[in-house]
Amino acid sequence: MKNQLFKLIFIVLLFVSIKGLAQNGNEFSIASGFLQLKEEFNQGMVFDGVQFDFQYKKSWSFSKFEISYQPEVAIGVSFDRKMTAVNFDLSPVNVTFVATVFERNAHELKVGGNFATNYNYQAYPDLHSGHLFWFTEIGLSPQIEYSYKWKNQLVNVLFTNSLLGFVSRPEKNDPYFYSLKFVDFIKFAHQDLKFGSFDKYNHTQISITYIPNISGKHSFALGADYEDVYFGVRFQKLIYYLRWKFSF
């Protein structure tokens, strides 16, 4: 009993000391961008439109290490031949771990990984009334960050690309399928999950962030997010966006 009490006290003290050493940060961001959707179930039609994205980021820094959690939600509408496509993205789990591997003068290089659950839902009401399409990714991706600092400004370049994970896609287009109940968004998104790497899908993200004042709260980013699922019937999604970030 006494040994267990000592262990509990040690764990609590260790947690408090680590928490005290960590530097915490919060960030909220809004992005708007150009969205393109190409679903082979639609004979390869390309829908062009806009998408709005909202993201919260909580980060913890320990010397040369950084852990961040950044859930995200996005909604987009696009068009082709006067027909509409609606896209909804949700990323409830999005955790990144990076470590500084090179730092000299104004240059810094960080390497790490990202684990995320990405749920993409599409509806084409003019083509498939009440039919839900989806792409689910539960995957792991390596991540590289390069930063250059001068005076009181900073530029950060981030690149990440999917390595492996579980993915799900509709296997067929049933013309008699009609259901858009809330439970369907959970049920179908986890249906027939397949494990794979570059043989199943590719998810690439790149962004360039400019911080005009390191001691300030505002920053801006240009980025691109590309998803390509090519097992079975192919689905592609591409977004170019401008993001405003606010730190607090």
Q: Would you please indicate if the ring centroids of F188 and W134 are separated by under 6.0 Å?
A: yes
(Q) Looking only at the aromatic ring of each residue, does the gap between the centers of Y119 and H190 stay below 6.0 angstrom? (A) yes
(Q) Run the ring-ring contact (aromatic ring centres under 6.0 Å, His included) test on F28 and F246 for me, step by step, so that the C-alpha distance in whole Å, both residues' side-chain angles and the decisive distance to 0.1 Å come before the verdict. (A) CA-CA 5 Å; F28 175 74; F246 178 75; 8.4 Å; no
Q. Between the side chain of T117 and the main-chain N/O of S91, is any donor-acceptor distance below 3.5 Å?
A. no
Q | Nearest heavy-atom neighbours spanning E145 and N156 | A | OE1-ND2, 3.3 Å
Q: Say whether Q205 and Y226, considering side chains only, have a donor N or O and an acceptor N or O under 3.5 Å apart.
A: no
Q) Should we say atom NZ of K194 is surrounded by more than 12 heavy atoms from elsewhere, each under 6.0 Å from it? A) yes
Q: Answer whether the closest heavy-atom distance between the side chains of I214 and K149 falls below 4.5 Å.
A: yes
Q. Without hydrogens or angle criteria, can the side chains of Q143 and N114 be said to hold a donor-acceptor pair below 3.5 Å?
A. no
Q. ring-ring contact (aromatic ring centres under 6.0 Å, His included) between F79 and F47: does it pass, once the steps are laid out?
A. CA-CA 5 Å; F79 306 90; F47 288 79; 8.4 Å; no
Q: Please go through I208's hydrophobic cluster and name the other residues, only I, L, V, M, F, W, Y counting, with side-chain heavy atoms under 4.5 Å joining them.
A: V101, F102, L109, V111, I144, Y146, Y148, W150, V155, V157, Y210
Q. Between T209 and A221, which heavy-atom pair has the shortest distance, and what is it?
A. OG1-CB, 3.4 Å
Q: Taking the six-membered ring of Y241 (Phe, Tyr or Trp), confirm whether the NZ or CZ of R243 is under 6.0 Å from its centre and within 45° of its axis.
A: yes
Q.
What verdict does the ring-ring contact (aromatic ring centres under 6.0 Å, His included) test give for F41 and H128, after you've listed the backbone C-alpha separation in whole Å, the side-chain angles of each residue and the deciding distance to 0.1 Å?
A. CA-CA 10 Å; F41 277 123; H128 315 277; 7.8 Å; no
**Q.** Qualifying residue, where the test is ring pair (Phe, Tyr, Trp, His ring centres under 6.0 Å) with F133 and the options are Y124, F88, Y121
**A.** Y124
Q) Distance from D48 atom CG to Q36 atom CD, nearest 0.5 Å? A) 4.5 Å
Q | Inter-residue atom distance D192.CG - T136.OG1, 0.5 Å rounding | A | 10.5 Å
Q) Is the shortest side-chain N to carboxylate O distance from R169 to E39 below 4.0 Å? A) yes
Q. Where the side chain of S197 meets the backbone of L163, is there a donor-acceptor pair that is under 3.5 Å apart?
A. yes
Q.
For residues V95 and L140: do they belong to one hydrophobic cluster (side chain heavy atoms under 4.5 Å, members Ile, Leu, Val, Met, Phe, Trp, Tyr)?
A. yes
Q) With the threshold set at 4.0 Å, does a side-chain nitrogen-carboxylate oxygen contact exist between E27 and K58? A) no
Q) Just by modelled atom types, is the F52 backbone N or O under 3.5 Å from a matching donor or acceptor in the S32 side chain? A) no
Q: Please work out which of the three classes, parallel, tilted or perpendicular, describes the rings of F34 and Y240, given edges at 30° and 60°.
A: parallel
Q) Is there side-chain contact between N202 and N161, with at least one heavy-atom pair below 4.5 Å? A) yes
Q: Measure the spacing between CZ of F220 and CH2 of W244 and express it to the nearest 0.5 Å.
A: 8.5 Å
Q: Using the side-chain hydrogen bond (donor to acceptor under 3.5 Å, both in side chains) rule, pick out the option among D228, N120, D225 that qualifies with K237.
A: N120
Q: Using the side chain to side chain contact (heavy atoms under 4.5 Å, CB included) rule, take L37 and N87 through it: C-alpha gap first, then chi angles, then the decisive distance, then the call.
A: CA-CA 9 Å; L37 298 172; N87 181 74; 4.0 Å; yes
Q: Measure from the side-chain N and O atoms of D126 to the backbone N and O of T84, and report whether any donor-acceptor pair falls under 3.5 Å.
A: yes
Q | Y69 side chain near T96 side chain, heavy-atom distance below 4.5 Å | A | no
Q.
The test is side chain to side chain contact (heavy atoms under 4.5 Å, CB included); show your working for D53 and V73 and say whether it passes.
A. CA-CA 6 Å; D53 175 284; V73 62; over 6 Å; no
**Q.** Spacing of S78 atom OG and L35 atom CG [to the nearest 0.5 Å]
**A.** 5.0 Å
Q.
Show the nearest heavy-atom pair for residues F185 and L132, with the distance to one decimal.
A. CE2-CD1, 4.0 Å
**Q.** Within 6.0 Å of NZ in K217, more than 12 heavy atoms from elsewhere
**A.** no
(Q) Using side-chain heavy atoms (C-beta onward) and a distance below 4.5 Å, is V229 in contact with R234? (A) no
Q.
Between M45 and R81, is there a side-chain heavy-atom distance shorter than 4.5 Å?
A. yes
Q: For H218 and N213, test the side chains for any donor-to-acceptor distance below 3.5 angstrom and give the result as yes or no.
A: no
Q.
Between S162 and S141, is there a side-chain heavy-atom distance shorter than 4.5 Å?
A. yes
Q) Can you check whether S168 reaches F135 side chain to side chain, under 4.5 Å on heavy atoms? A) no
Q: Kindly determine whether Y201 and E137 satisfy side chain to side chain contact (heavy atoms under 4.5 Å, CB included), including the steps that lead there.
A: CA-CA 9 Å; Y201 76 108; E137 174 197 4; 3.4 Å; yes
Q | Test side chain to side chain contact (heavy atoms under 4.5 Å, CB included) applied to Q51 and D89, step by step | A | CA-CA 10 Å; Q51 178 158 299; D89 295 342; 3.4 Å; yes
Q | Pairwise distance OG(S219) to CD(Q153) - rounded to 0.5 angstrom | A | 13.0 Å
**Q.** Same cluster (ILVMFWY, side-chain, under 4.5 Å), V167 and V233
**A.** yes
Q | Aromatic ring pairing F65/F97, orientation class (parallel under 30°, perpendicular over 60°, tilted between) | A | parallel
Q) Is there side-chain contact between Y56 and N26, with heavy atoms separated by less than 4.5 Å? A) yes
Q | Steps toward salt bridge (charged side-chain N to carboxylate O under 4.0 Å, His left out) verdict (E66, K110) | A | CA-CA 9 Å; E66 181 180 331; K110 296 180 180 180; 3.4 Å; yes
Q. Any idea which heavy atoms bring Y230 and F198 closest together, and the distance?
A. OH-O, 2.7 Å
